[in-house]
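Read through the structure below, which is laid out as structure tokens, and then see the notes.
Not measured: the values here are computed from a predicted model. FYI, the numbering just counts along the sequence from 1.
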Amino acid sequence: MPDRMPVPDRTPAPDRTPTPSRAGVPDRGPTSEASRVYRHFREIFGDDRPRPRSSRRATPRTGSEPFTPGRDPRALGDAIDQLSSQLGWSGPLSQHELLASWAEVVGEDTARHSEPIGIEGGVLQVRCESTAWATQLRMMRTDLVARILERYPGAGVETIRFQGPDAPTWKWGPRSVPGRGPRDTYG
């Protein structure tokens, strides 16, 4: 039989390249490429101590998880009241409620002859049907302010200003400078 030539072994030889030792741990022989890459990345990006599993749960709970306190259903009115107080809407809502329920505060008869205009700087401005009604309501001012503070404490009303009926005026606002007025522009 003719001598046959031996066929070379095609399996790769184990890698015998020295790997860097880890903190004094001696090299234990052949390692896979994945293991070498892993160790190399650990050297570059950080230490090779294992991280505790509880570090992922270190974030505080927000209360949105099920079965935690504060997750019970609430009445819609309570939720809206809490939201309006958190957003600072209590004052403006109380002011608009006062303006809408003016007839309940002063009575039906008085409400027919007066109309609240608005609240600005703690002053409730009311337009009256006549100067006689404005004078009568000025005398009732302390009683009306007391009723308003009792019913709508968040409205911020400190005083009330009663105005007579609208008449044409040359005045430009609540604080005008006295002067000759319209005579300057004619002639």
Next on the checklist: Just verifying a value: how many Å separate Ile80 CD1 and Leu93 CG, rounded to the nearest 0.5 Å?
Outcome noted: 10.5 Å
Item to check | Closest non-hydrogen atom pair, Trp133 against His113 | outcome: CZ2-CD2, 3.1 Å
Checklist entry - What's the shortest heavy-atom distance between Phe162 and Leu137, and which atoms? => result CE1-O, 3.2 Å
Checklist entry - If we only count heavy atoms from C-beta on, is the Val106 to Met140 side-chain gap below 4.5 Å? => result no
Checklist entry - Going only through I, L, V, M, F, W and Y residues with side-chain contacts under 4.5 Å, is there a path from Tyr38 to Ile44? => result no
Next on the checklist: Can you confirm whether more than 12 heavy atoms, excluding those of Glu129, are under 6.0 Å from its CD atom?
Outcome noted: yes
Next on the checklist: Working to the nearest 0.5 angstrom, can you tell me the gap between Arg138 CZ and Arg161 CZ?
Outcome noted: 9.0 Å
Checklist entry - Which pair of non-hydrogen atoms, one from Ala134 and one from Cys128, has the smallest distance, and what is that distance? => result CA-SG, 3.6 Å
Item to check | Spatial distance of atom CD (Gln82) from atom CG (Leu87) [nearest 0.5 Å] | outcome: 10.0 Å
Checklist entry - Does a sphere of radius 6.0 Å around CD in Gln86 hold more than 12 heavy atoms from other residues, nucleotides or ligands, not counting ones at 6.0 Å or beyond? => result yes
Next on the checklist: Quick one: does any side-chain atom of Gln95 pair with a main-chain N or O of Ala155 as donor and acceptor, under 3.5 Å?
Outcome noted: yes
Checklist entry - Between Arg127 and Gly164, which heavy-atom pair has the shortest distance, and what is it? => result CG-O, 4.0 Å
Checklist entry - Which pair of non-hydrogen atoms, one from Ser94 and one from Gly154, has the smallest distance, and what is that distance? => result OG-C, 3.7 Å
Next on the checklist: Using 0.5 Å steps for rounding, measure from the CG atom of Leu144 to the CG atom of Leu149.
Outcome noted: 11.0 Å
Checklist entry - What closest approach, in Å, do Ser85 and Ser90 show between heavy atoms, and which atom pair accounts for it? => result CA-OG, 3.5 Å
Next on the checklist: Measuring from atom CG of Leu98 to atom CZ of Arg147, what distance do you get when rounded to the nearest 0.5 angstrom?
Outcome noted: 12.5 Å
Checklist entry - Taking only residues two or more places apart in sequence, or in another chain, which ones meet Thr110 in a side chain to side chain donor-acceptor pair (under 3.5 Å)? => result none
